[in-house]
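Computed over heavy atoms, backbone and side chain alike; hydrogens, waters and symmetry mates excluded.
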Amino acid sequence: MTDPKGPMPEPPNLRFLRRLVTVLTAVMIGGLLVIVGLLVIRFSQPPAVVPDGITLPAGLTAEAFTLTPEWYAVVTEGGSRILIFSRRSGALLQTVEVESAP
């Protein structure tokens, strides 16, 4: 007979479960650190400088706006026309007509 007070071997499933929980904990801590790091990096960048005013051709109203380092674009007329302006001079560089799908 075996001594009931002596150490009993650990079941293999319990050992596997303990390792699985340890790995999951490490992954969760690592993921949380990555998310916090990304938030710190993102919010430490200076905000984009948006022009004070944009002069659109007569009769057009802006519906959407996007910004790049070299130019900005204004979507007008229900998304059928995109006006691209220079960020340096504010001059209209290009007008893009967007065809709607049939």
Side-chain angles (χ1 to χ4, degrees):
M1 269 184 118
T2 61
D3 183 18
K5 295 181 182 178
M8 294 192 59
E10 186 177 69
N13 289 341
L14 185 61
R15 189 176 320 129
F16 172 72
L17 183 61
R18 182 179 299 131
R19 288 182 181 156
L20 195 64
V21 168
T22 303
V23 169
L24 178 62
T25 302
V27 168
M28 287 177 59
I29 291 171
L32 184 64
L33 291 174
V34 167
I35 289 172
V36 168
L38 289 174
L39 284 173
V40 167
I41 290 170
R42 177 72 175 134
F43 287 126
S44 65
Q45 294 176 350
V49 178
V50 180
D52 292 333
I54 301 171
T55 304
L56 296 175
L60 295 180
T61 56
E63 296 181 4
F65 175 83
T66 189
L67 186 64
T68 71
E70 299 295 322
W71 52 265
Y72 57 89
V74 178
V75 179
T76 62
E77 296 182 3
S80 64
R81 184 182 291 178
I82 302 171
L83 305 173
I84 300 175
F85 296 89
S86 169
R87 283 194 66 184
R88 290 191 180 97
S89 66
L92 179 63
L93 298 176
Q94 184 177 2
T95 301
V96 179
E97 298 292 333
V98 179
E99 295 179 19
S100 61

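The side-chain heavy atoms of Leu67 and Arg87, taken from C-beta on, include a pair separated by under 4.5 Å. Using a 4.5 Å cut-off on side-chain heavy atoms (C-beta onward), Arg88 and Glu70 make contact.
Tested against Arg81, the residues Val74, Val98, Leu60 include a single side-chain contact (heavy atoms from CB on, under 4.5 Å) partner, Leu60. Here the rule is side-chain contact (heavy atoms from CB on, under 4.5 Å) with Leu83, and of Leu92, Leu93, Val96 only Leu92 fits it.
The CG atom of Leu38 sits 11.0 Å away from the CZ atom of Phe43 when rounded to the nearest 0.5 Å. Summarising the geometry, atom OG1 belonging to Thr61 is positioned 5.5 Å from atom CD belonging to Glu63; distances are rounded to the nearest 0.5 Å. Separating the CG atom in Leu24 from the CG atom in Leu17 is a distance of 10.5 Å, to the nearest 0.5 Å.
The minimum heavy-atom distance between Ala62 and Thr76, with the atom names listed, is CA-CG2, 4.3 Å.
By the 30° and 60° cut-offs, the orientation of the rings of Phe85 relative to Tyr72 is parallel.
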Quiz item: Under the side chain to side chain contact (heavy atoms under 4.5 Å, CB included) criterion, do Thr66 and Trp71 qualify, and how do the steps go?
Solution: CA-CA 9 Å; Thr66 189; Trp71 52 265; 4.3 Å; yes
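Within the 3.5 Å criterion, the main-chain N or O of Ser86 finds no donor-acceptor partner in the side chain of Ser89.
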